[in-house]
Amino acid sequence: MKLAVSDDESFIRRLDELIEANLADENFGVKELVNKSGLNERFIRRKLKNIAKKTISQYITGKRLEHAFEMLQQDEINVSEVAFAIGFSSPTYFNAVFHQHFGFPPGEVKKRNFLNHQSESVASDSIVPSTQPFTDKWSDKKMVLKKYKIPLILAGSVALILFLVWIFRFTPVSGDKSIVVLPFKDFSADAGNHQFADGITEDILDKLSKISDLKVRSRTTSDHFKGTTLTMNEIAREVKARNVLEGSVRQEGNRVRISVQLIDAYNDRHIWSENYDRELENVLGVQGEIAVQVAAKLKAVLSENEKERVEAIPTRNIQAYDFYRRGRFLINKASGNQRADLNKEGLMNSIKYFEMAIAADSSFALAYAGLAEAWFTLSAWGWYRPYIEGLNKAKKYAEKALALDPGCAEARHLKACWLIWPERKFEEGRREFETTLQLNPNYPGAHQNYAQFLMITGPISESRKHMDRAIELDPYFWVTWNLNAWIYYFEEKYDKAIEACQMA
């Protein structure tokens, strides 16, 4: 179906037709609209910006929500059914987007319509017959106004508050230090070098996450946008992070160039960019340099301990680093996979790489921590028997990591886990969780597991706080949403628990 563009009206009308024809298709987005329209994406974006002052994604979402509003006015359809009917597979996400767009949740639509009808009825009852003298009519009107003076003032105040909330909700606050690090592009001649670029991305992200004054979105969130066609503004708004760090890695022989740029995505404003040229064996300190520069540009405050941790170089052995990154890549891939056999295989293979990293550099604390995480995960999920043997291996390697680097947050996290679950030393485990989050306040896995522990011991309010933080940092990890459902269950918020299950 080709799009006629003779004028603005026909342009918008045909876009609307395409969106309406694919309303229930959750996969229908920018790319699909562009393909079906037969037009250039840049042309559509420019045209929509001039006509509707919206991006393509915002326009599609707005049209879906307009249809949702109309559907919600019908008595025979509920919120979940409306969500699915307009292409939202998650009622929770639909609820959030609807609330963001209109300023109130979808469940309020029928109620607000009832209030509108009620006010119309009051107004019609208050009309003074035209046969009365003018002075009598004005007197009666004054009585009506006096009668409804307080409700009218309250209604006006509520409307003003809602308007201000809406304004401030969508206007980024100056000094917002939230950031998402997009996967770095690999421009190396070797097509199989992508793991090196992935490793640089994750290292920078890990360094940034150690800075408590920043709000850093997780690696899982970052990976979600690999190869995306979304604009930076659209990505930033989806993950609720004002700033975006993107970059590229180019390796030619023994030379490496890492290029980065920091952007205020809400305002499409370039903040900072830099190229880092290094010999391969000297590349391992660059990630800390970049993190410190990003923090400075965002005016984040670093304590002396944080600066020391950010600038620390975990190993100077490039071979050990390469093995470690390959092992970490497999753990990351396994942790997001729902098929147990592939998870087990990936974790077992990661162990080999961590062992090779340790063989290359026996003082490499992070390699021991990675080895501990692999053994703990294999045992905790029942893929290694006897499981207690696997947990003891995890304990041994985590303790070795901490002996080499007491500030290793990954090893502290694992220590907290084994203290609580196999050893049932709750208070010691609680202290280790708190220490972990002091070392890395943006560590989603630690917030998640601490929330699980608090769900069991209480208080449930503290569990909810850490669960919400884990969701904020890592909204695309199914395990996090699964645990979120359990916490809602114990809070006796059953509708929200079901929605969290659907999200998972």
Colleague: Please list, chain by chain and in numerical order, all residues satisfying side chain to side chain contact (heavy atoms under 4.5 Å, CB included) with K352, sequence neighbours excluded.
Modeller: N349

Colleague: Which residues satisfy the salt bridge (Lys or Arg N to Asp or Glu O under 4.0 Å) test with D468, sequence neighbours excluded?
Modeller: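 Per chain and number, D468 pairs via salt bridge (Lys or Arg N to Asp or Glu O under 4.0 Å) with R464.
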
Colleague: With sequence neighbours left out, write down each residue that passes side chain to side chain contact (heavy atoms under 4.5 Å, CB included) with E202, or none if nothing qualifies.
Modeller: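 E202: side chain to side chain contact (heavy atoms under 4.5 Å, CB included) contacts with D206, R219, R325, R328, N332.
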
Colleague: Tell me, please, which residues at least two apart from H466 pass ring-ring contact (aromatic ring centres under 6.0 Å, His included).
Modeller: H447, Y450

Colleague: For the pair R237 and N233, evaluate side-chain hydrogen bond (donor to acceptor under 3.5 Å, both in side chains) and give the outcome as yes or no after the intermediate values.
Modeller: CA-CA 6 Å; R237 291 185 183 279; N233 182 281; 3.1 Å; yes

Colleague: Can you tell whether the side chains of K36 and E32 come within less than 4.0 Å, N to carboxylate O?
Modeller: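 Not counted as a salt bridge, because no side-chain N and carboxylate O are separated by less than 4.0 Å.
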
Colleague: In chain order, what residues pass the salt bridge (Lys or Arg N to Asp or Glu O under 4.0 Å) check against E492, with sequence neighbours excluded?
Modeller: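 Listed in chain order: nothing, the list is empty.
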
Colleague: Keeping the roles fixed (side chain from N267, backbone from R242), state whether a donor-acceptor pair exists under 3.5 Å.
Modeller: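 No, N267 side chain to R242 backbone: no donor-acceptor pair under 3.5 Å.
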
Colleague: Side-chain contact, heavy-atom cut-off 4.5 Å: S212 with E306?
Modeller: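 Heavy-atom side-chain distance check passes, below 4.5 Å.
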
Colleague: Would you check if F453 and S463 make a side-chain contact, meaning some heavy-atom pair closer than 4.5 Å?
Modeller: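 The answer is no; the side chains never approach within 4.5 Å.
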
Colleague: Sequence neighbours excluded, which residues qualify as side chain to side chain contact (heavy atoms under 4.5 Å, CB included) partners of A236?
Modeller: V244, A265, Y266

Colleague: List the residues meeting side chain to side chain contact (heavy atoms under 4.5 Å, CB included) with K49, not counting sequence neighbours, and say none if there are none.
Modeller: none

Colleague: Please list, one pair per line, the donor and acceptor atoms closer than 3.5 Å that link side chains of residues 285-293 to other protein atoms, with sequence neighbours excluded.
Modeller:
unit_1: Q287; atom_1: NE2; unit_2: D203; atom_2: OD2; d: 3.0
unit_1: E289; atom_1: OE1; unit_2: R278; atom_2: NH2; d: 3.0
unit_1: E289; atom_1: OE2; unit_2: R278; atom_2: NH2; d: 3.1

Colleague: Could you tell me if the side chain of I60 sits less than 4.5 Å from the side chain of R64, heavy atoms only?
Modeller: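 Yes. Closest side-chain heavy atoms under 4.5 Å.
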
Colleague: Taking the six-membered ring for Trp and the single ring otherwise, decide whether the centroids of F354 and Y324 are under 6.0 Å apart.
Modeller: yes

Colleague: I487 versus I460: any side-chain heavy-atom pair under 4.5 Å?
Modeller: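 With C-beta onward as the side chain, the pair touches.
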
Colleague: For the pair F102 and F69, name the ring-plane relationship: parallel under 30°, tilted 30 to 60°, perpendicular over 60°.
Modeller: tilted

Colleague: Checking D213 now: which residues fulfil salt bridge (Lys or Arg N to Asp or Glu O under 4.0 Å) with it, not counting sequence neighbours?
Modeller: K177

Colleague: Holding to ring-ring contact (aromatic ring centres under 6.0 Å, His included), I want the full list of residues that pass it with F376, two or more places apart in sequence or in another chain.
Modeller: none

Colleague: According to ring-ring contact (aromatic ring centres under 6.0 Å, His included), who are the partners of F329, at least two apart in sequence or on a separate chain?
Modeller: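 In terms of ring-ring contact (aromatic ring centres under 6.0 Å, His included), with neighbours along the sequence ignored, F329 is linked to no residue.
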
Colleague: Take atom CG in D277; do more than 12 heavy atoms of anything else shown fall under 6.0 Å from it?
Modeller: yes

Colleague: For W383 and W381, take the angle between the two ring planes, folded into 0 to 90°, and tell me which bin it lands in: parallel under 30, tilted 30 to 60, perpendicular over 60.
Modeller: parallel

Colleague: So for atom CG, which belongs to D495, do other residues, nucleotides or ligands contribute more than 12 heavy atoms lying within a distance under 6.0 Å?
Modeller: no

Colleague: Could you tell me whether K496 and E499 have a side-chain N and a carboxylate O separated by less than 4.0 Å?
Modeller: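 E499 and K496: not salt-bridged.
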
Colleague: In chain order, what residues pass the ring-ring contact (aromatic ring centres under 6.0 Å, His included) check against F187, with sequence neighbours excluded?
Modeller: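 None.
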
